[in-house]
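Heads up, the thing below is written out as structure tokens.
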Amino acid sequence: MDTGSIAWAITATALVLFMTPGVAFFYGGLVKAKSVVSMMMMSFGALGLVSVLWVLYGFNMSAVGGVWDFAGNPFSDFGLGSLATGESANTDLIGVAFGATFAIITVALISGAIADRAKFGSWMIFAGIWATLVYFPVAAWVWGGGWILNLGESLGLPAVIDYAGGTAVHINAGAAALALALVLGKRVGFQKGMDKPHNVPLTLLGAAVLWFGWFGFNAGAEWLNGLANTGLIVLNTLGATAAAILGWLVVEKIKDGKPTAVGAASGAIAGLVAITPACANLEPGWALLLGVVAGAVCAFAIELKFKLGFDDSLDVVGIHLVGGLIGTLYLGFFAIDTGLFTGGGLGQLAVQAIAAFAVLIYSFVIAWVLGFAIEKTIGFRVKNEDEIAGIDTVVHGHEGYALENV
């Protein structure tokens, strides 16, 4: 690669890595003041653990030799010693680091569904096993030569489009979040209106960091393509997100009477989620429409937890699972040249749906089994009295705001 491409690859890697602290800020502001440390530590714990697993064996698992292989051999280059001494080590290792940042944030996203009531040690066990059994193989299916990447060719249809992770990241994380929310059960006193954010500015800061980093998330891989499509990706990442803010706020105003700052932040995340798989394959006008649709639908979708009775604390299901499905399926209608309304037929929609729901079902089942096994053995949920008191001091030994020392 030329020096410009190398510089962009490093920059994009840093941008995506910065997104996980952004998740910590976003989630941290939404929980109770007595749970903010615990919430943020779940993201930082994922950052530490998944990075190590990715270098040891996760990267090896993320590429397959045969279309129908489940995953790559985790021990094929354990610790990446051979890759580090190869002829193209410089660019290869940048690619490894870039891929690690996607694995990290996917795991961190799940934690929002179990805010205020999860043990840190149990979360770390879940995170490591789920990454190994779910994220690493799914990354191979979507990007590493696996069956989803080759689904269109296998069926004689257009190829599945998932540029930056609608299936591998957002549907994957959202399905796992739903499973864990069901396993851990509802928070004490769960009801509509109970989950008021303790620090709205912190949540807005997190949303801003995420939007900033998302330009690396979506456009980062373009260094592999000579940055040929970067302009479209960057513009769509801006436009769809902005439109989603407006879509969410309009629904919020109609539904609740007031547009809120948390609604604006949530709308931005919904738009970013939806444009992730589609950023390189939509004309800008269709990207704007996608943003409006994602913002509006996700604003309604977050109410499902009250109607259906599951406690997804920070709306991972309503934003990431629903938003990921919208963005992935939307391509079936409006993808450049292959969408139903943009020159193609139903084939693009068919392969998008197969990929989306296969990942959803697989992730949900594995996450539910893992969560159930952990809960029934060492326990996943803290005691009710600890939840009521606030789990920061119980789990981590200190508070987020030691006001008595000011």
Side-chain angles (χ1 to χ4, degrees), residues 64 66-69 138-172 174-175 218-219 221-222 224-225 228-237 239-241 243-244 247 270-298 300-301 320-364:
V64 293
V67 171
W68 298 107
D69 289 353
V138 170
W141 302 350
V142 175
W143 298 310
W147 72 268
I148 289 178
L149 184 65
N150 292 279
L151 180 62
E153 183 178 353
S154 300
L155 299 177
L157 298 172
V160 173
I161 301 172
D162 186 359
Y163 190 83
T167 55
V169 176
H170 298 293
I171 294 173
N172 209 2
N218 282 356
E222 273 300 289
L224 296 170
N225 301 321
N229 213 25
T230 308
L232 179 64
I233 294 170
V234 168
L235 181 61
N236 284 347
T237 302
T241 309
L272 289 164
V273 169
I275 197 59
T276 291
C279 58
N281 296 86
L282 290 178
E283 294 178 357
W286 292 124
L288 291 177
L289 178 61
L290 171 59
V292 171
V293 170
V297 173
C298 290
F300 283 111
H320 291 276
L321 179 57
V322 174
L325 285 170
I326 290 171
T328 301
L329 298 178
Y330 186 88
L331 285 159
F333 298 100
F334 299 110
I336 294 173
D337 295 332
T338 59
L340 180 61
F341 302 122
T342 50
L346 287 170
Q348 189 70 65
L349 180 60
V351 295
Q352 297 298 120
I354 292 170
F357 287 102
V359 171
L360 189 163
I361 294 168
Y362 177 71
S363 178
F364 177 87

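Worth knowing before you read on, the calculation uses all heavy atoms, side chains too, and leaves out hydrogens, waters and symmetry mates. Numbering of residues begins at 1 and proceeds along the displayed sequence.
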Exercise. With Leu157, which of Leu151, Val351, Leu349 fulfils side chain to side chain contact (heavy atoms under 4.5 Å, CB included)?
Worked result: Val351
For this session: Sequence neighbours left out, what pairs pass side-chain hydrogen bond (donor to acceptor under 3.5 Å, both in side chains) with at least one residue falling in residues 143-163?
Result: Asp162-Thr167, Tyr163-Glu222
For this session: Check ring-ring contact (aromatic ring centres under 6.0 Å, His included) between Tyr330 and all other residues, then give those that pass, not counting sequence neighbours.
Result: Phe334
Seminar exercise, completed: Taking every heavy atom of Gly324 against every heavy atom of Val273, the minimum-distance pair comes out as N-CG1, 3.3 Å
Seminar exercise, completed: For Ala140, the side chain to side chain contact (heavy atoms under 4.5 Å, CB included) test, sequence neighbours excluded, returns Val64
For this session: Test Leu346 against Leu340 for side-chain contact (heavy atoms from CB on, under 4.5 Å), laying out the working first.
Result: CA-CA 6 Å; Leu346 287 170; Leu340 180 61; 3.9 Å; yes
Seminar exercise, completed: Contacts satisfying side-chain hydrogen bond (donor to acceptor under 3.5 Å, both in side chains) that involve residues 331-340 (not counting sequence neighbours) are Thr338-Gln348
Exercise. Residues in side chain to side chain contact (heavy atoms under 4.5 Å, CB included) with Ala353, at least two apart?
Worked result: Leu329, Phe357
Problem set entry | Any residue meeting side chain to side chain donor-acceptor pair (under 3.5 Å) with Thr237, in chain and number order, not counting sequence neighbours | Asn218
Exercise. At what distance, to the nearest 0.5 angstrom, does CD1 of Ile326 lie from CG of Leu331?
Worked result: 12.5 Å
Seminar exercise, completed: In short, Gly166 meets Thr276 closest at the heavy-atom pair N-CG2, 4.0 Å
Which pairs of donor and acceptor atoms, one on a side chain in residues 277-298, lie under 3.5 Å apart (sequence neighbours left out)?
none

Exercise. Taking only residues two or more places apart in sequence or in another chain, which ones pass ring-ring contact (aromatic ring centres under 6.0 Å, His included) with His320?
Worked result: His170
Problem set entry | Test item: Thr342 side-chain N/O and Ala335 main-chain N/O as donor-acceptor pair under 3.5 Å | yes
Problem set entry | Residue list, side chain to side chain contact (heavy atoms under 4.5 Å, CB included) with Thr241, at least two apart or on another chain | Trp211, Ala268, Leu272
Problem set entry | Closest heavy-atom pair and its distance - Leu360, Ala175 | O-CB, 3.4 Å
For this session: Work out which heavy atom in Ala164 is nearest to a heavy atom in Val169; give both atom names and the distance.
Result: O-CG2, 4.2 Å
For this session: Show your reasoning for whether side-chain contact (heavy atoms from CB on, under 4.5 Å) applies to Val142 and Asn172.
Result: CA-CA 11 Å; Val142 175; Asn172 209 2; over 6 Å; no
Exercise. Got a sec, which residues hit side chain to side chain contact (heavy atoms under 4.5 Å, CB included) with Ile361, two or more places apart in sequence or on another chain?
Worked result: Val365
